[in-house]
Amino acid sequence: MAILGAINPMLTAGLNNDDAGWHLADYEKRGGYLMLREILQEKRPQEQVINEIKKSVLRGRGGAGFPTGLKWSFMPRSFPGDKYVVCNSDEGEPGTFKDRDILRYNPHSVIEGMTIAAYAMGANRGYNYIHGEIWEIYQRFEEALDEARRAGLIGQNILGSDFCFELFAHHGYGAYVCGEETGLLESIEGKKGQPRFKPPFPASFGLYGKPTTINNTETFAAVPFILKVGADAYLEAGKPNNGGTKLFSVSGHVNRPGNYEVPLGTPFSTLLEMCGGVRGGRKLKAVIPGGSSAPVLPGEIMMDTTMDYDSIAKAGSMLGSGAVIVMDETTCMVRSLERLSWFYHEESCGQCTPCREGTAWLYKIIHRIEHGAGRAEDLDLLESITGNIMGRTVCALGDAAAMPVQSFVKHFRDEFAYHIEHKKCLVPLEVQRAGSGFFTASE
Amino acid sequence: MLEIEIDGKAAQVPDGSSIMDAAELLGAYIPHFCYHKKLSIAANCRMCLVQVEKAPKPLPACATPVTNGMKVFTHSDLAVKAQKGVMEFLLINHPLDCPICDQGGECQLQDLSVGYGGSVSRYREEKRVVIHKDVSPLISMKEMARCIHCTRCVRFGQEIAGIMELGMINRNVHSEITSFVGKTVDSELSGNMIDLCPVGALTSKPFRYSARSWELQRRRSVSPHDSLGSNLVVQTKHDRVMRVLPFENEEINECWLSDKDRFSYEGLNSPARLLKPMVRVDGTLREVDWNTALDYVSHGLKDITGKDGGDALGILASPHATLEELYLLHKLARSLGCGNIDFRLRRRDFSADGKTAGIPWLGMKLAEVSDLDAALIVGGFPRKEQPLLAQRLRQAAKRAARFSFLTAGGDDQLIATHARLNVSPADLPKALAGIVKAAASLKKAAIPAGLETQEYCANSERIAQSLIDGEKTALFLGNMAEQHPQAALLHALAQELANITGARLGFFGEAANSVGAWLARAIPSGHNAYAMLEAPRKAYLLFNAEPEFDCHNPRLATAALKQAALTVAITSFKGGAAMEYADALLPLAAFTETSGTFVNTEGRAQSFNGVATPPGEARPGWKILRVLGNLLGISGFSQNSSEEVRHEIFTSGPFVSGLDNRIKDIALNLAAPSPVQGQLQRIADVPIHFADPLVRRAPALQLTRDASAPAARIHPETLEKLGIANASKVRVRETDGNGEALFVARADATVPAGCARIAAAHPASAGLGDMFAAIRVEGVR
Amino acid sequence: MLTPESLQKIDREVAKYPTGQQQSAIMASLAIAQAEKGWLAPETIEFVARRLGMDPVAALEVATFYNMYDLRPVGKYKITVCTNLPCMLTGGVDAGEYLKQKLGIDYDETTRDGKITLKQGECMGACGDSPVMIVNNRRMCSHMNPEQIDKLLAELQ
């Protein structure tokens, strides 16, 4: 995979998809660790760092879009005991693959971002939780940590200052729900990754019961760049209330799937163009603009939308993690939803009733519809079940499982009704098969 | 305090309360499954979703903290819709097999489904199948498809029992409760998981399919086993005890029961129950009627005491007997001029007699144990001897109380431990003296006479320091400290330590009525329990006691009873050694079949009534003794009820007076014989399910791991020195005397070097003598 | 039970966490044990649990929760194919079918020679490289068209 395009890049500036350019020396050549050095040298007040992040309106890149500076300000900075900074690199939201590239090509940006964050919040220990399936990336991050440790950039008395921050990598082992921040904390504690109910929030009761802040990989990676260019410049790179650039992972039926760093507010049509347009010149059918948990939108709505938190929300979906799943006219929406529903049912942690039972029920019904055993009342039943899941679960996985169902049925109800009535798909099987390009294309 | 309004009713609740707490305070019921007041909050069932003003989504009452001015609606449309939604999810995979489910009629899911469930299911897919498990002789896990994943059982293990034996494995809809592959659930508190299970997933194996809950009559009672006197609900059907459940008493057992308290009732229905009096005629025990039997016994006692004086008789009474029974025994003994009466059957050292200020007891209320900052526990295995007291210590330790153990035999008490000293029984006094000396040095107090040259280790100092630092501190003597050959010395040393540190001194107590027996004065003015066996008597009267298991030295006991001209056993059971040594067996009603009183270790007198008719011709002990008194022509035996007997002892309760642990005039003589080459010292624990005649006959408990046959457990290094392989057969011989027995040797690093831990109170070790004797261990073949 | 090398690796993982929090190393320790043994037998899980001072069933919870642990023996090579939606759109499911046909086995089955086990995976965070698959939890293979799959299978034979 690779970073295939950018407009005014920050995080990916100077990277050229080169597996050799990730080392400490390379990062420093690109201006890396300057900010950390400066802050420690100046003994910059913690508030000043946090305020800068607040001003940049950096919003959490993991999916929820919560303002990062505000989150940092919740940490009891003067609390004397252990405090933790945790990076969420458990990137498993279908459609999302940006953090993997950041860790692959620019791991030190995450290390620097986390160290600055730890400084700002008075944390003394950190963990980067890395998705289980990307072992090679985990190993690279471990190497990057060793480099940073040897150079005195993390560990005890960083760069001769009295600031200490121990940073480690924790390797996941296959559980989507650990991307939920409290599930992730449970997982680091050596338990099942079952999310905790909130309150209390991690800022007061986090890892090992201690104050903890968790941010996404891309969020941490953005921190040194924000401080370098200044909050105002960063904010301006995007649009009001949607500061900066964002990495978009574009997958599905486009000619060049990959990561693209563009300013927030870039029109979707521009992004699609950068990806070489829809594969085979076919017609755009639908787009999931923010990872599989975000509601699907018909292609025509997307073509009128810009890629930022507020615009996508207005269009009826979520920017989420910036994972853009593009579906063309060869796509069967029932089959697509069936696969997503299988995923949510499979990845439900099993802890709370509506999610454990509800996701399995949803899957069974959609599976029936796809396999010609749908019933007339099924669509209303799906609607009702999703209503009973949403807002009733411990964590957001319940909502994440329900929203695709609601949006798929809402926007493509005719297609579902056709399946139920005719026991087959509107899109002929051979068309679907050709759409995947598996047997034809070899790039 | 915070203001809250629930369904229009206002209340003030303490800071940190949840909506559920507030609702309980207001008497508003919020449906729930996973929430339990004694367990951590899981918030996983989602049944307690309620509407909170200004919150866009329904919130779980159990996990939502009250904020000032909060308005909660538990029955609004939003709340009820959420609750009904959850109920539908709970039921879709639940087998709707209530008619054949053992939980039917007392099932939270069944009850709540009436209010919140639909009459028709919208779920038309296949239901989940969950494979059954076999993890315990006590808990049935046959129908795990009924499980609703509330994880109460898992949390109970982690938080209350202190050991996680059940977990929820897998994830998503395939989540299931199970033990580790092939492992059993062995906690001595496991039965509570049955109570906690809100559905019919975990059910009582002994009780299953024997009765419906609505067929049962419920009566309160008190457990006759450990020194807590846990409160019981005894359930009967057709005059037969079918089940025992906890009666909640926050000050004693909280809402829990140990498995012994819960499942020993099976012994009540044992085929070994003695149903008719028996008398030895021409060398053979024959069933006779009560008149014949009483006539035989009264004549026998009269003859012997008349001819040889009261001193020819020895009376051994069980500390599991009631206060009333023990009191009448005391009266009987006194009238017969017999000073040889004792209930302290497992005691070896009686040199404290006459030097103590009062009745030994816990030294505080049970509930106060939960508030301790620090304590030292000397001797004993509280987890198996006082399971629910250990549970209180466990909870206190979780909130940073510092508990230390000075023991012989380092079983994991599952209590977070501050410091531990694990020494041989012979070294217990020295080790305790070390802590005393450390405390005196730290406090700059006078060194007690006898300890001038005593040395101590860093751990002793840590222990002493914790007792000095804490505000609420205690010093507890466990069962081993009472059974120890130098019990008085241990007591005196503990007294010194208490004096120096300000810690309160207490005894855990051996049995349900150990304190009551003192109160009833079932104590000797002549020979004590050990002496009356060491110097055999002509006649013995045994009350609810089986000396071959219940006495300090079973070999000595059996020999003494066998040589006696007359041995009368007032007992609930027949069989075993009694059939050889007893000349008369009088059938005794068990605790559920009589009224009476137990005084627990905190000095609380708890009276109870019979809940079932005694089987066959068994009769309440107080009645048997009363009639015996009449037949012997003794005055003061005209009581018409057990209450009348009790009123002779004390009239007002619930706490008895005369409790005092102080001791004086015991020389702190720490000289101990040096160990002899090749000899080991025995450490004898009393296994939880062998401690009294009733529990020994409870079949399900006898199948638990706690009831497995005792081995000779020896430190691996000692074993190696002896040249004995782990798991090989060994012969254990006493060095004084001729007792011997065969065991399997087990390497066990928790046993101090130079010791062999061999359980007492078990047929396998009944051929041995003193509990802490010097022994030799040899390989067999 | 485990080689000194594996134990050393486990110790290294334990050192990442604060004193008294060695349970945090359970995931890594189980992964290390699995890498050595090929799969996680109950006795392996119990061994690792005891080493970290955990109740064995707590370790079993972990081993059964995360789907990269194998609680049954697998082939010398385990190929996990992502079939999630973004991958499905661009050949992930087809790649799985292709593998099934080539190997003559279904998902969760092992070839008769014990060489290869086929699994269906969930999102691997590499959707842009679809079809993707991982070999033995460690090696990610991208853009796996029929030609590439043939090459991989030839290499594993």
Side-chain angles (χ1 to χ4, degrees), chain B residues 40 42 44 130-131 133-136 139 141 144 147 149 151-187 189-190 193 202 383 394 397-398 400 412-418 705 749-750, chain C residues 1-2 18-27 29-31 33-34 37-74 80 82-85 106-108 119-124 137:
Chain B
S40 64
N44 62 30
V130 185
I131 203 117
K133 280 102 191 159
D134 189 6
V135 300
S136 157
I139 303 172
M141 291 177 74
M144 290 310 289
C147 171
H149 308 92
T151 67
R152 277 182 175 185
C153 55
V154 178
R155 283 175 285 146
F156 175 83
Q158 292 171 310
E159 297 162 16
I160 308 296
I163 183 165
M164 185 178 174
E165 294 181 302
L166 290 179
M168 189 161 88
I169 64 160
N170 302 333
R171 64 189 193 198
N172 60 49
V173 80
H174 297 111
S175 299
E176 57 179 304
I177 301 291
T178 185
S179 63
F180 189 81
V181 194
K183 289 216 185 308
T184 47
V185 172
D186 301 325
S187 164
L189 301 176
S190 70
M193 297 186 205
L202 308 186
R383 196 181 134 206
R394 188 171 302 133
K398 270 195 214 158
D412 192 347
Q413 299 300 314
L414 305 178
I415 296 167
T417 300
H418 175 62
R705 178 171 293 257
T750 69
Chain C
M1 176 64 82
L2 294 178
T19 323
Q21 301 292 354
Q22 65 270 25
Q23 181 173 342
S24 284
I26 183 65
M27 288 178 70
S29 304
L30 288 173
Q34 176 166 304
K37 299 271 182 190
W39 67 292
L40 293 175
E43 52 273 23
T44 311
I45 298 173
E46 185 173 3
F47 174 84
V48 173
R50 301 266 182 229
R51 199 174 163 89
L52 298 178
M54 293 169 71
D55 288 318
V57 76
L60 184 68
E61 283 192 341
V62 170
T64 55
F65 186 85
Y66 300 92
N67 63 13
M68 290 167 67
Y69 296 114
D70 296 306
L71 283 95
R72 274 188 219 112
V74 291
T80 313
C82 178
T83 59
N84 209 311
L85 177 61
D106 207 338
Y107 285 130
D108 298 317
K119 293 233 168 196
Q120 183 171 214
E122 289 303 342
C123 184
M124 296 164 181
N137 289 344

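Here is how names work: the chains are called A, B, and so on, in the same order as the sequence lines, proteins then strands, and each is numbered from 1.
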With the side chain counted from C-beta on, respond yes when [X] and [Y] share a heavy-atom pair under 4.5 Å apart, and no when they do not.
| X | Y | result |
| --- | --- | --- |
| C:Ile45 | C:Leu71 | yes |
| B:Met141 | B:Ile177 | yes |
| B:Met193 | B:Val185 | yes |
| B:Val130 | B:Cys147 | no |

Handout entry: Inter-residue atom distance C:Gln120.CD - C:Asp106.CG, 0.5 Å rounding
Key = 9.5 Å
Between chain B and chain C, which donor-acceptor atom pairs come closer than 3.5 Å, counting both backbone and side-chain atoms?
{"from": "C:Glu46", "atom 1": "OE1", "to": "B:Lys183", "atom 2": "NZ", "distance (Å)": "3.2"}
{"from": "C:Glu46", "atom 1": "OE2", "to": "B:Lys183", "atom 2": "NZ", "distance (Å)": "3.0"}
{"from": "C:Asp55", "atom 1": "OD2", "to": "B:Met164", "atom 2": "N", "distance (Å)": "2.9"}
{"from": "C:Glu61", "atom 1": "OE2", "to": "B:Met168", "atom 2": "N", "distance (Å)": "2.7"}
{"from": "C:Thr64", "atom 1": "OG1", "to": "B:Asn170", "atom 2": "N", "distance (Å)": "2.8"}
{"from": "C:Phe65", "atom 1": "O", "to": "B:Arg171", "atom 2": "NH1", "distance (Å)": "2.8"}

Exercise for the section: Show your reasoning for whether side-chain contact (heavy atoms from CB on, under 4.5 Å) applies to B:Ile131 and B:Met144. Expected result: CA-CA 7 Å; B:Ile131 203 117; B:Met144 290 310 289; over 6 Å; no
